[in-house]
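Remarks on the structure that follows.
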Amino acid sequence: MPLSKDQILRIPLIPVLAAQALYVRSIAQKLPEPPGPRQGHAGAGEKLSLLILGDSSAAGVGASTQANALSGQLVEHLSQRFDMDWHLLAETGATTKSNLGKLPDLPPTRFEVAVLVHGVNDTTRLTSKATFKARQTRLMEHLRAQHGTQLFVLSGLPPMHHFPLLPQPLRWVLGCHAERLDRALSELARDRGDCTHLALDLPYEPRFIAQDGFHPSEEAYREWAHLVADTLLECLSDEAQMPCLGVRP
């Protein structure tokens, strides 16, 4: 597979990029994963089981509690319509590969819908687009086979070329690669009938960035959860899809 322009250009920058990556790691403020429940039951109405699987953003880093993070705010939105069982499996540093290894930790229950939040750590490790795409496919196939998952929301990558923590040219290189992996998610959604790609179309503003200059703020989590909820509700309201998605009255 031919190299892209940014891949060719970054070759002579490798020593600089390596030094910058070490520097960022040394100065980065390490925010904790917020406290709060990571599974539960909420709401009333049609029954729905939900899995949120991902990295530190899925785990809510940058929020004060899980209630103010992605999982809590998403459950708050969806529980207004659904009688929900939900489960969060996410941790700082997780990649698609590491979460493939975590799948045995899931309870042996059905998850009709899964929200997958991966890509930032795959980007910083410069995982190739083909490898990332293959691992995402394996993740979905396992969840479909073992947990009956019928619908996947592939949450898009954030605009890493704007992350204030990252110096140039590292920011540019990671931003280009994040866009490449986001295209992989979009292609999966285009080619499969059981998933949808959610582009993170948030305006890039300081209020959406946590104090570490890297993770979402609580306001960003609120907007993100709203986008995910709207995407799910649109999919689940499609009468043609409702039976195959397994949403139960």
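Any value given below was found using the heavy atoms of this structure, including those in side chains, with hydrogens, waters and symmetry copies removed. Owing to the predicted nature of the structure, the values given are computational and were not obtained by experimental measurement. Along the sequence shown, the residues carry numbers beginning at 1.
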Mind checking the CZ-CG spacing from F111 to L50? Nearest 0.5 Å is all I need.
8.5 Å
Please check if any side-chain donor atom of H147 sits under 3.5 Å from a side-chain acceptor atom of T109, or the reverse.
no
Is it true that a side-chain atom of Q66 and a backbone atom of A59 form a donor plus acceptor pair closer than 3.5 Å?
yes
Any donor-acceptor pair under 3.5 Å linking the side chain of E218 with the backbone of S64?
yes
E76 atom CD, over 12 foreign heavy atoms within 6.0 Å
no
Distance in Å, L48 CG paired with D85 CG, rounded so as to fall on 0.5 Å steps:
9.0 Å
Strictly distance-based, threshold 3.5 Å: is any side-chain N or O of R38 a donor or acceptor partner for the main-chain N or O of A90?
yes
Any side-chain to backbone donor/acceptor pair from Q168 onto W172? Under 3.5 Å, distance only.
yes
Is there a donor-acceptor pair under 3.5 Å between the side chain of T96 and the backbone N or O of R135?
no
Decide, yes or no, whether a salt bridge links E141 with R192 under the criterion of side-chain N to carboxylate O below 4.0 Å.
yes
Residues H77 and D230: side-chain donor-acceptor under 3.5 angstrom:
no
Short side-chain to backbone donor-acceptor contact, R171 and F163, under 3.5 Å
yes
Nearest-0.5 Å distance that lies between atom OG in S186 and atom NZ in K133:
9.0 Å
For the residue pair S79 and W86, confirm or rule out a side-chain donor-acceptor distance under 3.5 Å.
no
Output the distance between atom CG (L126) and atom CZ (F132), rounded to the nearest 0.5 Å.
13.0 Å
Exam field: side chain T127 to backbone T123, donor-acceptor pair closer than 3.5 Å
no
Distance-only polar pair, side chains of H118 and D55, donor-acceptor under 3.5 Å
no
Quick one: OG1 on T196 to CG on L188, what's the gap to the nearest 0.5 Å?
11.5 Å
Would you say K129 has more than 12 foreign heavy atoms packed within less than 6.0 Å of its NZ?
yes
Donor + acceptor pair across side chains of E33, T92 (<3.5 Å)
yes
Counting only N and O atoms by type, is there a donor-acceptor contact under 3.5 Å from the side chain of N121 to the main-chain atoms of A94?
yes
Please check this pair: side chain of Y221 against backbone of A58, looking for a donor-acceptor N/O pair closer than 3.5 Å.
no
d(R190 CZ, H197 NE2) to nearest 0.5 Å is 12.0 Å
Taking atom types as modelled and ignoring hydrogens, do the side chains of H41 and D83 form a donor-acceptor contact shorter than 3.5 angstrom?
yes
Here the pair of heavy atoms bringing L151 nearest to L236 is CD2-CD2, 4.3 Å
Do T149 side-chain atoms and L143 backbone N/O form a donor-acceptor pair below 3.5 Å?
yes
